[in-house]
Number of protein chains: 2
Amino acid sequence: MGTQDVLDTARRARAASHGLALATRAEKDAALLAMADALVARWSEVLDANAEDVARAETGGTAANIVDRLRLTPQRLEDMARGLREVAALPDPVGEVVRGGTLANGLELRQVRVPFGVVGMVYEARPNVTVDAAGICLKSGNAVLLRGSSSARSSNAALVGVLRDALAGSGLDPDVVQLVPGDSHESVKALMRARGLVDVLIPRGGAGLIRSVVEESTVPVIETGVGNCHVYVDRAADLEKALAVVLNAKTQRTSVCNAAESLLVHAEVVEAFLPRVVAALQEAGVTIHGDEAFLAHAGVVPATDEDWGEEYLSLDIAARVVPDLDEALAHIRRWSSQHSEAILTEDQAAARRFVAEVDSAAVLVNASTRFTDGGEFGFGAEIGISTQKLHARGPMGLPEMTSTKYVVVGDGHTR
Amino acid sequence: MGTQDVLDTARRARAASHGLALATRAEKDAALLAMADALVARWSEVLDANAEDVARAETGGTAANIVDRLRLTPQRLEDMARGLREVAALPDPVGEVVRGGTLANGLELRQVRVPFGVVGMVYEARPNVTVDAAGICLKSGNAVLLRGSSSARSSNAALVGVLRDALAGSGLDPDVVQLVPGDSHESVKALMRARGLVDVLIPRGGAGLIRSVVEESTVPVIETGVGNCHVYVDRAADLEKALAVVLNAKTQRTSVCNAAESLLVHAEVVEAFLPRVVAALQEAGVTIHGDEAFLAHAGVVPATDEDWGEEYLSLDIAARVVPDLDEALAHIRRWSSQHSEAILTEDQAAARRFVAEVDSAAVLVNASTRFTDGGEFGFGAEIGISTQKLHARGPMGLPEMTSTKYVVVGDGHTR
């Protein structure tokens, strides 16, 4: 499978995207429901394919937590089907008038949401991304090229086979959902270079994957998901709330990009807060990589510069005492991945400064970083969390999966 | 002047951008007015510098129309100053709440416009872009790195010197407006690779410049301005309106990206329309590059495939008869640069199909392609016209020069 196969696939996607862009909401929703039904009806076929991937991973000595992410169950298939039904229930972003009016010369002007055309998804492990991405792209009128991890190749092939049959049965061109052929880096490279055929690439996965796509792609990229998220406990923090938020942000789920990775504590609350937060974190199984102040507590290990920049995605946290808000802001500016940062404070002026000066996709006051999430924000579906400034920043729902065009209607108007 | 100088400049811009992001509208407007006043007060200094550029260009044998674009006059400086005052009068996009509300759990969520940070502008010839870009970037809270053509180097240095003095006098850090040091391709390359220091690059100029920036840049790019714009005269067109719009779109100003470059005419109106449109265009000095039907008229020259893809920016137009709307749409899909396309028709169904199926930044019904313009759209200022689908599409005003962030306010909320 070489570059040519990838380009042929992209060309078919582009051809199919023209029809999909004109599909009505009713047609797209019917297809989404058919896809959901098919996933449930054909569960054993998908699980058989998945068993191949799981067996290969286990034989190859893949870590247990990665194998777990790969493994499908009837329950997980039900969850994917429910996800598709939820997307069907959401409003159609295509055709939404973003702004509009009549100009002084009588021209009617409106800016209308339209699909991108063809979206490329490059992602790791989890096969549920295959179904989620297909659903969100379909609803937003985009054809999608799916490039999952080779470790999930049998699962992804089975899932896409089921989805494409359902599409064909609903009268939509199945080429709006396709796997990128080939497992090699060459095939990803061909996708990244298919400018003009692919409108946007969305990488989802670890920092290495995202960096390589950002650097090699000539297709526009929406960067997602690396989160070195900070929680700053101000001198004016309510320490009860602070304790609860730090624990929640670090431990409620560790493998996600909106989990806290760094804790900053104002020097004035060291005595009142450090013993409590160290004890609570350690009780929850967290290893604290601390500065001198934290190292005064048993079990804390010394932090290096690497720790300040680290996205652990595990029961680890970097922790430091700062002399004031200025230093907290400077630390965040230096080390943050600009995903989500939280301040704990009852001081309105401190909160206002933190919100104004922290340049991240989400800035939270007295709330856990775990809230930076399309579902929590009420978007109903999320394709990823953008950490770039162009096009979309933060959780991306259906509207973020569209472009716009201007429609200008006159009666023979000239300049 | 090497890569290191460019990176140092970008670092100073980034440092200065933090303060600018927090500047109030009043502070920014005062600086813009001071910049306008300074341009008028120090006109002779700028014109002296410009005379050097003009003399060098003339000695070097530069074409007269290019020298004209380069030449500044007291009137052109007044126009630049007026542009800055108009930007000062526009609303501040920074801080605008794009959406917001209270979530079911009581969290307050709002999405707020924030500056990008540092914007890089790479552009050709016209020195007015230097002032326009500085004004728009300042108002939208962005530091700007200006990389104009080496042919305008003395003019740009003088203009930026004046603007920076005015900034310093208004209490803003002058490093928010800087020239990129060096004339070599190496310095542009350093700018294009300054990911992390520069947030977005906007190339403005010919297709070659834009292509090279798009292909070489690791900094996110907003592509602007190549326009192979089509006018399609439908069988149901009002031929009086059609004639006026075709003439206006082709001849009102030829050197701009929203001028028409291709004319498509429905076969059913060939007899009624071709003799009139050919005569009118030729009378206006336009060379028609036509298909067989057009070649039946004296003075028309044969069109090649190159003509269908050409952005002439001159008194030339490619012209073709199509058997039906389907073929018009197919031709546009094949050849358009997705900037602006117009249909002339009194048939509601044809207009509706054209609007739905043409995938361009602007689709116009019974109106000249020349209306695709920030000023005409009522945006008050325009940094360029985006022909890409990500972030901004069509004329870009102040809001398009911002990103957003989510602000989430709770009272100790956890998941």
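Sequence lines set the chain letters: A, B, ... in the order given, protein chains first and strands last, and positions in each chain run from 1. Keep in mind that this is a model prediction, so the values were computed, not measured. Every heavy atom of this structure was used, including side-chain atoms; hydrogens, water molecules and symmetry mates were not.
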Salt-bridge test for A:D347 and A:R353: reply yes if a basic N is under 4.0 Å from a carboxylate O, no otherwise.
no

Report yes or no: is the cationic atom of B:R99 (NZ for Lys, CZ for Arg) closer than 6.0 Å to the six-membered ring centre of A:F377, at no more than 45° off its axis?
no

Between A:H413 and B:F371, what is the ring plane arrangement, given parallel below 30°, perpendicular above 60°, and tilted in between?
perpendicular

Please state whether the side chain, the backbone, both or neither of B:S360 comes within less than 4.5 Å of a heavy atom of chain A.
backbone

According to the interplanar angle, ranging from 0 to 90°, do the rings of A:H331 and A:W335 count as parallel (below 30°), tilted (30 to 60°) or perpendicular (above 60°)?
tilted

Between A:D199 (side chain) and A:V119 (backbone), is there a donor-acceptor pair under 3.5 Å?
no

Proximity breakdown for B:V358 and chain A, heavy-atom pairs closer than 4.5 Å:
backbone

When rounded to the nearest 0.5 Å, the distance separating CG of A:L325 from CD1 of A:I332 is 8.5 Å

Counting heavy-atom pairs under 4.5 Å with chain B, which one of A:G101, A:G394, A:A361, A:A356 comes out on top?
A:A361

Heavy-atom contact with chain A under 4.5 Å, split by part of B:R253:
neither

Measure distances from B:A244 to the heavy atoms of chain A and classify the residue's part below 4.5 Å as side chain, backbone, both or neither.
both

Rounded to the nearest 0.5 Å, what separation is found between the CG atom of B:N228 and the CD atom of B:Q338?
11.0 Å

Under 3.5 Å: donor-acceptor pair, side chain of B:T345, backbone of B:A350:
no

Per-residue contact mode, A:E223 against chain B (heavy atom under 4.5 angstrom):
side chain

Under a 4.5 Å heavy-atom cut-off, does chain B meet the side chain of A:L364, its backbone, both or neither?
both

With only heavy atoms counted, which part of B:L103 is less than 4.5 Å from chain A, the side chain, the backbone, both or neither?
side chain

Tell me, for B:D373 versus chain A, whether the close heavy atoms (under 4.5 Å) come from the side chain, the backbone, both or neither.
side chain

Options A:V214, A:V200, A:I222, A:N105, ranked by heavy-atom pairs under 4.5 Å with chain B, top entry:
A:V214

Contact origin within A:A21 toward chain B - heavy atom pairs under 4.5 Å
neither

Taking every heavy-atom pair that is under 4.5 Å apart, which of A:E108, A:R333, A:Q252, A:E346 has the most such pairs with chain B?
A:R333

Measure B:L109 against the heavy atoms of chain A and call it side chain, backbone, both or neither at under 4.5 Å.
side chain

Do B:N142 and B:S140 have a side chain donor and acceptor closer than 3.5 Å?
yes

For the OG atom of B:S386 and the NE2 atom of B:H391, what is their distance to the nearest 0.5 Å?
8.5 Å

Considering only heavy atoms and a distance below 4.5 Å, find which of A:Q388, A:E357, A:E376 pairs most often with chain B.
A:E376

Please check if the side chain of B:K405 supplies one atom and the backbone of A:V355 the other of a donor-acceptor pair under 3.5 Å.
yes

Given that the side chain runs from C-beta out, which part of A:R193 has a heavy atom under 4.5 Å from chain B: side chain, backbone, both or neither?
neither

Between chain B and each of A:E216, A:E400, A:E215, count heavy-atom pairs under 4.5 Å; write down the option with the most.
A:E400

Highest number of heavy-atom pairs under 4.5 Å with chain B among A:V114, A:V409, A:L390 belongs to A:L390

